[in-house]
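Here, residue 1 is the first one in the sequence, and each next residue gets the next number.
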Amino acid sequence: MSIQGKRIALMIEDEYQILEGWYPYLRLTEAGAKVTVIGSGTKSSYLSKEEYPMDADASASDVSPNDFDGVIVPGGFAPDNMRLHKPMINLVKGIYDQGKMTAAICHGGWILASAGAVKGRRVTGYAPIEDDVVNAGGIWVSDQAAVVDGNVITSRTPPDLPAFTKAIIGYFEK
């Protein structure tokens with residue numbers, strides 16, 4: 001499997017779920033993508049819930065949706081922190097609005113809801129965000145490890161990461 005040359009933004013903020021940040025980063029890099037870690041700009045390195053650092057390559061206000069072929073939003077409590085930074089939401093919205101791959105796992109669906117990327121879409125995620133997704137116009141799916149609806153790819157929790165990254169790679173290989 002190769003997605004050589006695809007440019008993917010990986011959104012990051014403090015309290016990200018360690019596997020949901022690092023697994024896609026490593027797996028997609030291994031498959032040939034250029035994964036750029038995008039932070040809020042409040043610092044240069046962000047800590048997972050377990051306090052494992054991930055360095056940001058750029059801040060959301062310093063990049064453009066045109067710089068990327070897709071975006072991934074990991075979960076943990078990071079999406080709650082991301083929502084405090086409008087440039088992060090705007091970047092995801094811009095990528096989605098251009099019809100590019102827009103993916104989220106776990107609590108990451110909160111950012112997709114804030115960016116207007118779930119309306120009319122089949123979406124999954126961590127069960128507690130169901131009400132937020134439905135209130136934003138999404139169609140909740142609870143029984144699938146990864147859900148692909150057009151350019152939107154969502155997944156539930158860390159055990160679903162293999163299905164999530166396989167769906168992302170499959171999207172780009174089409």
Does atom OH of Tyr126 have more than 12 heavy-atom neighbours, drawn from other residues, nucleotides or ligands, at distances under 6.0 Å?
no
Point-to-point distance, once rounded to the nearest 0.5 Å, from CG of Asp62 to CG of Asp57:
12.0 Å
Identify the two heavy atoms, one from Trp110 and one from Pro79, that lie closest to each other, and give their separation to 0.1 Å.
CE3-CB, 4.1 Å
Hey, does Leu91 have a side-chain heavy atom less than 4.5 Å from the side chain of Pro65?
yes
Can you find a pair of side-chain heavy atoms, one from Gln17 and one from Pro158, that are under 4.5 Å apart?
yes
With a 4.5 Å heavy-atom cut-off, do Trp140 and Ile129 have their side chains touching?
yes
Residue pair Val147 / Arg121, side-chain heavy-atom distance below 4.5 Å
no
Report yes if the side chains of Tyr23 and Phe164 come closer than 4.5 Å at any heavy-atom pair, otherwise no.
no
May I ask you to check whether over 12 heavy atoms, not counting those of Lys86, lie within 6.0 Å of atom NZ?
no
Which distance, rounded to the nearest 0.5 Å, do you find between the CD of Glu30 and the OG1 of Thr165?
9.5 Å
With a 4.5 Å limit on heavy-atom distance, are the side chains of Glu13 and Leu84 in contact?
no
Ser155 side-chain N/O to Ile153 backbone N/O, donor-acceptor pair under 3.5 Å:
no
Asp14 side chain to Tyr46 backbone, donor-acceptor under 3.5 Å
no
Is the backbone N or O of Thr124 less than 3.5 Å from a side-chain atom of Arg156, with the two atoms forming a donor-acceptor pair by type?
no
Testing the basics here: between Gly120 and Asp149, what is the closest heavy-atom pair and its distance to 0.1 Å?
O-OD2, 4.1 Å
Give me the one residue out of Asp132, Ile89, Val92 that meets side chain to side chain contact (heavy atoms under 4.5 Å, CB included) with Ser114.
Ile89
Looking at every heavy atom in both Arg122 and Thr154, which two are closest together, and how far apart are they?
O-OG1, 4.4 Å
Return the CG to OH distance between Leu10 and Tyr16, rounded to the nearest 0.5 Å.
9.0 Å
So do the side chains of Met54 and Ile18 get within less than 4.5 Å of each other, counting heavy atoms only?
no
So, for Asn151 and Lys100, which heavy atoms are closest and what is the spacing to 0.1 Å?
ND2-O, 2.8 Å
To check you understand the geometry: which heavy-atom pair defines the closest contact between Gly75 and Glu20, and what is its length?
N-OE1, 2.8 Å
Side chain Asp69, main chain Arg7, donor-acceptor under 3.5 Å
yes
Carefully, step by step, assess Ile168 and Arg27 under the rule side chain to side chain contact (heavy atoms under 4.5 Å, CB included).
CA-CA 10 Å; Ile168 292 169; Arg27 181 65 190 95; over 6 Å; no
Interatomic spacing from CE in Met82 to CD1 in Ile38 - rounded to 0.5 Å
11.0 Å
Please find the pair of heavy atoms, one from Ile169 and one from Ala31, that lie closest to each other, and give the distance.
CD1-CB, 4.0 Å
Applying the 4.5 Å side-chain criterion to the ILVMFWY set and letting contacts propagate, would Leu47 and Val73 be lumped into a single cluster?
no
Is there a path from Val134 to Ile111 through hydrophobic residues (I, L, V, M, F, W, Y) whose side chains come within less than 4.5 Å of each other?
yes
In this structure, would Tyr96 and Val71 fall into the same cluster of hydrophobic residues linked by side-chain contacts under 4.5 Å?
yes
Please tell me whether Leu19 and Ile8 are part of a single hydrophobic cluster in this structure, the criterion being side-chain heavy atoms less than 4.5 Å apart.
yes
OG1 of Thr29 to CG of Leu26, rounded to nearest 0.5 Å, is 6.5 Å
Do the side chains of Val141 and Val123 join up, straight or via other hydrophobic residues, at under 4.5 Å, putting them in one cluster?
no
Distance in Å, Phe68 CZ paired with Lys34 NZ, rounded so as to fall on 0.5 Å steps:
8.5 Å
Could you check whether Lys49 makes a cation-pi contact with Phe77, meaning its NZ or CZ is under 6.0 Å from the centre of the six-membered ring and within 45° of the ring axis?
yes
